[in-house]
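Take a look at the structure set out below.
FYI, the numbering just counts along the sequence from 1.
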Amino acid sequence: MALVIHDAVAESGTRTGIGPALLTGADPGDVSFSSVMSNGDTTYYKVRGRTSLAWEIVQGTYTSSTNSLSRDSLFES
């Protein structure tokens, strides 16, 4: 398990409340979390609302079996 920082990752997904972000695919011209992370790796990521101005900066852990990122620590919102 490693801390992974990669500047070309951008992926759509869904999240309900403070649950994990279920990733649904890389945005055009970017790469997916699954292509740069292994199960149990951690990273920092930004979540933006699609229909609102809500956002947050989070540290989370990647789970390959569900292709998701947890919400371990919230830094800013």
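The OG1 atom of T42 sits 5.0 Å away from the CD atom of Q59 when rounded to the nearest 0.5 Å. Between I57 atom CD1 and S77 atom OG the span is 9.5 Å, to the nearest 0.5 Å. Distance check, rounded to the nearest 0.5 Å: CE of M1 to CG of N39 gives 8.0 Å. Here CD of E76 is found 3.5 Å from CH2 of W55. Values are rounded to the nearest 0.5 Å. Put simply, OH on Y45 and CG on L23 are 8.0 Å apart, with the number rounded to the nearest 0.5 Å.
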Applying side chain to side chain contact (heavy atoms under 4.5 Å, CB included), run through L3 and Y44 and close with a yes or a no. CA-CA 9 Å; L3 174 64; Y44 298 97; 3.8 Å; yes

Listing, residues 11-20 side-chain donor-acceptor contacts under 3.5 Å, not counting sequence neighbours, or none:
{"from": "E11", "atom 1": "OE1", "to": "F33", "atom 2": "N", "distance (Å)": "2.9"}
{"from": "E11", "atom 1": "OE2", "to": "G25", "atom 2": "N", "distance (Å)": "3.1"}
{"from": "S12", "atom 1": "OG", "to": "D27", "atom 2": "OD1", "distance (Å)": "3.1"}
{"from": "S12", "atom 1": "OG", "to": "R50", "atom 2": "NH2", "distance (Å)": "3.3"}
{"from": "R15", "atom 1": "NE", "to": "G17", "atom 2": "O", "distance (Å)": "3.2"}
{"from": "R15", "atom 1": "NH1", "to": "E56", "atom 2": "OE2", "distance (Å)": "2.9"}
{"from": "R15", "atom 1": "NH2", "to": "E56", "atom 2": "OE2", "distance (Å)": "2.6"}

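By the side-chain hydrogen bond (donor to acceptor under 3.5 Å, both in side chains) test, T63 is found to be paired with no residue, residues two or more places apart in sequence or in another chain being considered. Partners of S34 according to the side chain to side chain contact (heavy atoms under 4.5 Å, CB included) rule, which considers only residues two or more places apart in sequence or in another chain, are S32, Y62, N67. Residues meeting the side-chain hydrogen bond (donor to acceptor under 3.5 Å, both in side chains) test with D72, sequence neighbours left out: T61, S70. Under the rule for a side chain to side chain contact (heavy atoms under 4.5 Å, CB included), the partners of A2 that lie at least two apart in sequence or sit in another chain are D41.
Between V36 and V4, the closest heavy-atom pair is O-CG1, 3.7 Å. The shortest non-hydrogen separation linking L22 to S68 is CD2-CB, 3.8 Å.
In this structure the side chain of V9 never reaches within 4.5 angstrom of the side chain of D30, judged on heavy atoms.
Residues V58 and I5 do not share a hydrophobic cluster, clusters being chains of Ile/Leu/Val/Met/Phe/Trp/Tyr side chains in contact below 4.5 Å.
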